[in-house]
Amino acid sequence: MNIIQNIKNQIESVVKDGVNKAGYEADVIEIEIPANKSNGDFSVNTAMKLTKTAKRPPREIATAIVEAIDTDGTYIDRVEIAGPGFINFYLNEQWRYDGLKAVLSEGENFGRTNIGNGKKVMVEFVSANPTGPMHMGNARGGALGDTLANALSWAGFDVTKEFYVNDAGAQIEKFGKSLEARYIQQLKGEDAFEFPEDGYQGDDIREHAKNFIAINGDKYLDCDSDTRRKALVDYALELNVQGLVDGLAKYRIFYDVWFRESTIHANGEVAQTIEDLKKSGITYEKDGALWIKTTEFGSEKDEVLIRANGIPTYFAVDIAYHKNKFAIRNFDKVINVWGADHHGHVARMKGAMDAIGIDSSKLEIVIMQLVRLMRNGEVARMSKRTGKMITMNDLIDEIGCDAARFFFNLRQAGSHLDFDLDLAIAQNSDNPVFYVQYAHARICSIIRTLESEGITLGENADLTLLTNPEELALTEKIISLPDEINQVADSLEPSRLTRYVLDLAALFHSFYNSCKVNTDDAALTQARLTLVYAARTVIRNVFEILKVTAPEKM
């Protein structure tokens with residue numbers, strides 16, 4: 001049950017009815033929640049919107065609408081006109097009580113809605129290059145993408161989480177050359193084979209070569225280079241992909257699909273997509289290469305699709321991959337989580353989709369900004385454990401999965417993030433994830449204590465006894481979860497959930513400090529215990545979406 005949406009539906013219905021009875025017409029009713037409660041629980045600006053067509057002052061229009069409004073059978077207690085013509089709605093108390101009852105009856109499913117109506121949505125995120133370890137951008141993208149996908153699922157979408165494995169193209173070519181060089185060097189000495197100038201210098205390449213030799217010896221030393229590189233890549237790439245699977249599992253991320261780039265090369269989808277682009281009239285040949293007119297999509301320059309050597313560019317392959325998402329697998333919406341360095345790629349990709357007959361509005365891109373790790377007030381670049389660049393795995397080892405997932409969702413994706421490593425492990429209320437987890441543990445402690453005294457939650461508590469400001473504020477926050485999840489699905493901003501649960505924890509602590517749960521009045525105790533149970537349910541449900549643990553003791 002989404003009590004907030006129910007109220008909005010009631011307001012929309014009575015306003016439309018009032019507009020019609022007053023002799024006006026309005027198709028869309030915009031409903032806002034005023035920042036100041038003195039201006040009502042909800043407000044509409046319909047009268048101001050109608051001024052131009054009605055040719056009447058907005059307060060006059062608002063008066064006619066309000067006089068025609070019938071609020072019988074709704075949660076609306078009274079309607080007032082304010083300022084230039086705002087229509088403000090004040091609710092009766094029943095909505096809070098019905099909302100709390102819904103939390104208890106729906107339990108672990110409270111917050112689920114159906115605005116998605118089963119539409120197929122893919123969320124593709126991380127998609128780290130399989131030639132090396134995952135970094136901070138991957139860590140932030142993982143937390144954002146996974147939480148967003150979870151929230152969309154709670155909002156009623158049929159969600160597929162996908163990782164795109166770049167197992168073909170220039171990066172794999174470089175990977176093969178790097179492995180080949182280390183393989184030969186380890187067998188014949190550093191001077192026996194020149195390492196590629198742009199090769200991968202990491203210790204993982206040396207380790208792969210060493211382990212490959214342990215299995216195969218010098219079997220590939222005297223064969224042709226193509227055979228040697230293929231054998232090395234076939235061996236090392238699968239280990240790297242498995243490393244991605246294992247590392248992301250440690251981060252509580254599990255994908256529905258691991259999509260291999262090589263498949264769309266092998267089955268001809270890249271070649272077919274190139275033909276589709278040619279037919280659209282937005283390609284041309286120059287200097288032996290095939291170009292696409294991306295300047296028509298807002299780019300500063302056109303892009304190459306097929307190089308002069310006949311090899312497709314990454315952009316060409318990416319267009320084919322996105323065509324596969326829509327035209328082959330029929331997703332209604334595709335959401336990509338990309339790093340800030342891909343910002344210029346957004347308009348190009350959307351333009352290419354339109355060019356091949358795919359509605360680009362179905363493609364949504366979440367651009368996330370850079371992460372700066374901080375330790376002792378200074379930028380941290382080295383892992384405490386390894387003394388090398390901090391990888392995603394190093395981060396989880398140092399601060400834990402809970403803190404990583406929560407902190408990466410503290411800010412909007414488009415905001416730069418200073419990640420305080422010291423704060424993330426602090427065992428005090430300054431640490432946001434600790435603060436919320438402590439609220440949950442405190443709730444569990446209250447319930448345990450009452451149970452030890454023989455007090456358990458009964459049925460049909462008299463919720464009208466919840467009249468204190470702290471009780472009412474906490475109730476409103478608790479029952480707004482379904483609407484919050486809908487807003488996450490609409491805005492594609494999972495950071496709303498961390499802000500929501502932090503606010504909820506703060507309201508619970510205020511309630512706890514102001515309102516004794518176990519009172520001399522058994523009815524009041526039951527009402528407040530209902531509120532306590534509802535708070536626990538909602539914190540757990542938010543943590544389920546964030547994939548953060550909810551400890552019962554701390």
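Please read all numbers here as calculations on a predicted model, not as lab measurements.
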Would you check if M134 and V126 make a side-chain contact, meaning some heavy-atom pair closer than 4.5 Å? yes
Got W95 and E476 here, is their nearest side-chain heavy-atom distance under 4.5 Å? yes
Parallel, tilted or perpendicular for F406 and F543, by the 30°/60° rule? perpendicular
For residues 60-70, which side-chain N or O atoms pair as donor and acceptor with protein atoms under 3.5 Å away, sequence neighbours left out?
residue : atom : partner : partner atom : Å
E60     : OE2  : R56     : NE           : 3.4
T63     : OG1  : R59     : O            : 2.8
D70     : OD1  : D72     : N            : 3.1

Taking the basic N atoms (NZ, or NE/NH1/NH2) and the acidic carboxylate oxygens, is any pair closer than 4.0 Å for R540 and E544? no
Test item: K350 side-chain N/O and S360 main-chain N/O as donor-acceptor pair under 3.5 Å: yes
Can you tell me how the ring of H322 sits relative to the ring of W338, calling it parallel under 30°, perpendicular over 60° and tilted otherwise? perpendicular
A quick test of your reading: do over 12 heavy atoms of other residues, nucleotides or ligands sit less than 6.0 Å from CZ of R536? yes
For K250, is there an ion pair with D246 - N to carboxylate O distance below 4.0 angstrom? no
Of K120, R329, K325, which is the lone residue that meets salt bridge (charged side-chain N to carboxylate O under 4.0 Å, His left out) with E162? R329
Got a sec: does the CD of E453 have more than 12 other heavy atoms crowding it under 6.0 Å? yes
Pair R499 + E493, salt bridge at N-O below 4.0 Å: no
More than 12 non-hydrogen atoms from neighbouring residues, nucleotides or ligands closer than 6.0 Å to CZ on F86, yes or no? no
Quick one: do T160 and D256 satisfy side chain to side chain donor-acceptor pair (under 3.5 Å)? Show the steps, please. CA-CA 6 Å; T160 295; D256 301 298; 4.9 Å; no
Cut-off 3.5 Å, side chains only: do D402 and T549 have a donor facing an acceptor? yes
How many angstroms lie between OH in Y512 and CD1 in I446, if you round to the nearest 0.5 Å? 5.5 Å
With a cut-off of 6.0 Å (strictly less than), are more than 12 heavy atoms of other residues, nucleotides or ligands near NZ of K516? no
Heavy atoms, side chains only, cut-off 4.5 Å: are R411 and R140 in contact? yes
Does some side-chain heavy atom of F419 sit less than 4.5 Å from a side-chain heavy atom of I399? yes
Do NZ/NE/NH1/NH2 and the carboxylate oxygens of K547 and D146 come within less than 4.0 Å? yes
After noting the C-alpha distance and the side-chain angles of F125 and F163, does the key distance pass the ring pair (Phe, Tyr, Trp, His ring centres under 6.0 Å) rule? CA-CA 6 Å; F125 57 104; F163 189 111; 8.3 Å; no
Note: R112-E106 ion pair, threshold 4.0 Å (strictly below): no
Would the Y435 and H509 ring centres measure less than 6.0 Å apart? yes
Do NZ/NE/NH1/NH2 and the carboxylate oxygens of E398 and R375 come within less than 4.0 Å? yes
With a 4.0 Å cut-off, would you call E471 and R528 a salt bridge? yes
Look at the aromatic rings of Y255 and W258 and report parallel, tilted or perpendicular, splitting at 30° and 60°. perpendicular
From M349 atom CE to I358 atom CD1, the distance as rounded to the nearest 0.5 Å: 10.5 Å
Gap separating the CD atom of E124 from the OH atom of Y164, nearest 0.5 angstrom: 8.5 Å
Is the number of heavy atoms from other residues, nucleotides or ligands within 6.0 Å of NZ (K49) greater than 12? no
Side-chain heavy-atom pair L410, L502 within 4.5 angstrom cut-off: yes
Could you tell me if R78 sits above the aromatic ring of Y90, with its cationic atom closer than 6.0 Å to the ring centre and no more than 45 degrees from the axis? yes
Under 6.0 Å between the ring centres of F89 and Y75? no
How about R372: does its CZ atom have over 12 heavy atoms from other parts shown lying under 6.0 Å from it? no
Assess the residue pair D462 and T464 against the criterion (side chain to side chain donor-acceptor pair (under 3.5 Å)); give the C-alpha distance rounded to whole Å, side-chain angles, the decisive distance to 0.1 Å, and a yes or no. CA-CA 5 Å; D462 183 2; T464 63; 2.5 Å; yes
Using side chain to side chain donor-acceptor pair (under 3.5 Å) as the criterion, list what pairs up with N39, not counting sequence neighbours. none
